[in-house]
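Accompanying notes for the structure given below.
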Protein chains: 2
Amino acid sequence: MVDKQQTEDGRTQASAPEDGRDEKPRRRQARGERRIAQLLDAAATVFCTSGYTAASTNAIAREAGVSPGTLYQFFPNKEAIAIELGDRLIHKMRDTYGEVLTPADTAAPLRELLDGIVDRFIDFNCQHPAFFALMHGPDVPGRMAEAHDALHAALLARLQDLIAFYAPDAPRAATARIAEMCFGLFKAGLELILAHEGAERDGYVTELKNALFRYLDPVIGDAVGAVAQPPGATSGG
Amino acid sequence: MVDKQQTEDGRTQASAPEDGRDEKPRRRQARGERRIAQLLDAAATVFCTSGYTAASTNAIAREAGVSPGTLYQFFPNKEAIAIELGDRLIHKMRDTYGEVLTPADTAAPLRELLDGIVDRFIDFNCQHPAFFALMHGPDVPGRMAEAHDALHAALLARLQDLIAFYAPDAPRAATARIAEMCFGLFKAGLELILAHEGAERDGYVTELKNALFRYLDPVIGDAVGAVAQPPGATSGG
DNA sequence: GGCAAACACGAGCGGCCGCTCGCGTTTTTC
DNA sequence: GAAAAACGCGAGCGGCCGCTCGTGTTTGCC
């Protein structure tokens, strides 16, 4: 499992100058770090409104208030901007779901569990709308898709464990499909939620929670609520 | 209601040569019609794999086995290709949902109703994958988005009527939100279904039906199943 | 057969975009 | 304070893409 760790990606900092590779260690000044953050903010805005492909590097530079040349002082190409932005968002996301999707404290009833999970993820996505655009956009670069797939798989595995905890008798194939389905349902609800504001948004949040709860309740009810279920009574799935 | 009819869009054929406008009636030969169909098929393939923006007209022409000049003999620009393809698909879609979403024969139980609707729409989308790509792609041309919005609104209105029929006491705002939610859930399930084949696909179809049924059953149950519900008992929405 | 219109071709034009390069400015280091 | 390195600029290069145009071929009509 250690090989799966992705350390720090070594993009913004290198270990030694005499590395021997073609790596340029390029020691950043504080000003440079500020510019990078500025550029990533601008990139988030532009990617969010135009999508990855339609976003032009010149537009990102303009949004950040710098020249195209300055942008390419900190990023080797357009893809690297999206990757760095995506990595930072994914790290934040990992912090978020790390707190929520741990199957340790699953003694809570489903309704409350869902409340916590959904609220956290909704909140994250509302505060970082570029995340949704980068993850679910159809035109992200290849390296980005890998990161997305990794995150997707990780979230899915956690979700599956959670479902399996509530419904231990269900076969793996079934829980996997249910987990994928939950993910898709959440994504659909998220899209509606991001498209509305205020009371409307709250209404859709409630609706999403209802949909997820009602979808999952019978699944876990089969194994938890009715323990002495006869083995022949599979629920048409 | 007559003004809402969109006749034939008058794109492929015109009424009279002495029209007086800048319209060029351009009488097509059988060969030309064949080429148009050929080009639209190719466009469907390319749009489906690359999305609208990333698809190049040269690629569409190549896919159809003709030269770029030939393509522009039948379509004024790239957008027109997507629009014509979208219009044809929308017309087919209208035929499909016209048969299914009519609120006339809603005497059927929810499960069977959902079965019919979902099966039809899934079938349509499996046979015309370009439809999904064109309708839900983020980079479709403006004229396309209008058509999509119109179809979306029409489907939504039908769905809302259907829901209102089953739950006549629910306020319009609530049924509208529920209809939007159903739409989103269906879209999410469709995406999963299109991404799988064979037994896996069937499994997701069942799962989608389950999700929709469980989401809608309590909603219509509140008004149909328990008629003598006290007015104060609103279900947490 | 003869003529006009529709069909077909493909090299190439204009424009946009990702990216570079030469040069000037600010900061760090000794 | 002076050399070195990081920062900053913006005109412009190469390449791709949507689209055109001049020319040649096929089809419909008399």
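Within every chain, numbering begins at 1; the chains are lettered A, B, ... in the order of the sequence lines, protein sequences first and strands thereafter.
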Sorted by number, the residues of residues 69-79 of chain B with heavy-atom contact under 4.0 Å to DNA chain C: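 By residue number: B/G69, B/T70, B/Q73, B/F74.
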Got a sec? Which of residues 46-63 of chain B come in under 4.0 Å of DNA chain C, heavy atoms?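 Here the set is empty: none.
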Pairwise salt bridge (Lys or Arg N to Asp or Glu O under 4.0 Å) hits with a residue in residues 122-132 of chain A, at least two apart: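 Of all non-adjacent pairs touching residues 122-132 of chain A, none passes salt bridge (Lys or Arg N to Asp or Glu O under 4.0 Å).
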Pairs meeting criterion salt bridge (Lys or Arg N to Asp or Glu O under 4.0 Å) with involvement of residues 200-212 of chain A, two or more places apart: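 As it turns out, the salt bridge (Lys or Arg N to Asp or Glu O under 4.0 Å) pairs with a partner in residues 200-212 of chain A, which skip direct neighbours, are A/D115-A/K209, A/D119-A/K209, A/E200-B/R177.
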Heavy-atom closest contact (B/L194 atom, B/N125 atom, distance):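 For B/L194 and B/N125, the tightest heavy-atom pair comes out as CD2-O, 3.8 Å.
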At under 4.0 Å, does any side-chain N or O of A/R28 touch on OP1 or OP2 of D/dA5?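 For A/R28, the contact criterion (side-chain N or O under 4.0 Å from OP1 or OP2 of D/dA5) is not met.
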Does A/R27 place a side-chain N or O at less than 4.0 Å from the phosphate oxygens OP1/OP2 of C/dT27?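 No, outside the criterion.
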A/T45: side chain to side chain donor-acceptor pair (under 3.5 Å) partners, not counting sequence neighbours: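 A/T45 satisfies side chain to side chain donor-acceptor pair (under 3.5 Å) with no other residue.
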Separation of [N] [atom2] from [X] [atom1] (nearest whole Å):
{"X": "B/E33", "N": "D/dG28", "atom1": "CD", "atom2": "P", "value": "13 Å"}
{"X": "A/R26", "N": "C/dT27", "atom1": "CZ", "atom2": "P", "value": "16 Å"}
{"X": "A/R34", "N": "C/dT27", "atom1": "CZ", "atom2": "C1'", "value": "11 Å"}

Check side chain to side chain contact (heavy atoms under 4.5 Å, CB included) between [X] and all other residues, then give those that pass, not counting sequence neighbours.
{"X": "A/N77", "result": "A/E79, A/A80"}
{"X": "A/R27", "result": "none"}
{"X": "B/E180", "result": "A/L192, A/Y204, B/H152, B/L156"}
{"X": "B/H148", "result": "B/M135, B/H136"}

ring-ring contact (aromatic ring centres under 6.0 Å, His included) involving B/F131 - partner list, sequence neighbours excluded: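 Applying ring-ring contact (aromatic ring centres under 6.0 Å, His included) to B/F131 gives B/F124.
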Report the residues that fulfil ring-ring contact (aromatic ring centres under 6.0 Å, His included) with A/Y52, sequence neighbours left out, ordered by chain and then residue number.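 By the ring-ring contact (aromatic ring centres under 6.0 Å, His included) rule, A/Y52 matches A/F47.
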Using a cut-off of under 3.5 Å, enumerate the N/O to N/O pairs linking the protein to nucleotides 22-26 of chain D.
none

Give a yes or no on whether the backbone of A/F132 and the side-chain of A/K187 come within a donor-acceptor separation of less than 3.5 Å.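 Pair absent, no side-chain N/O of A/K187 close to backbone of A/F132.
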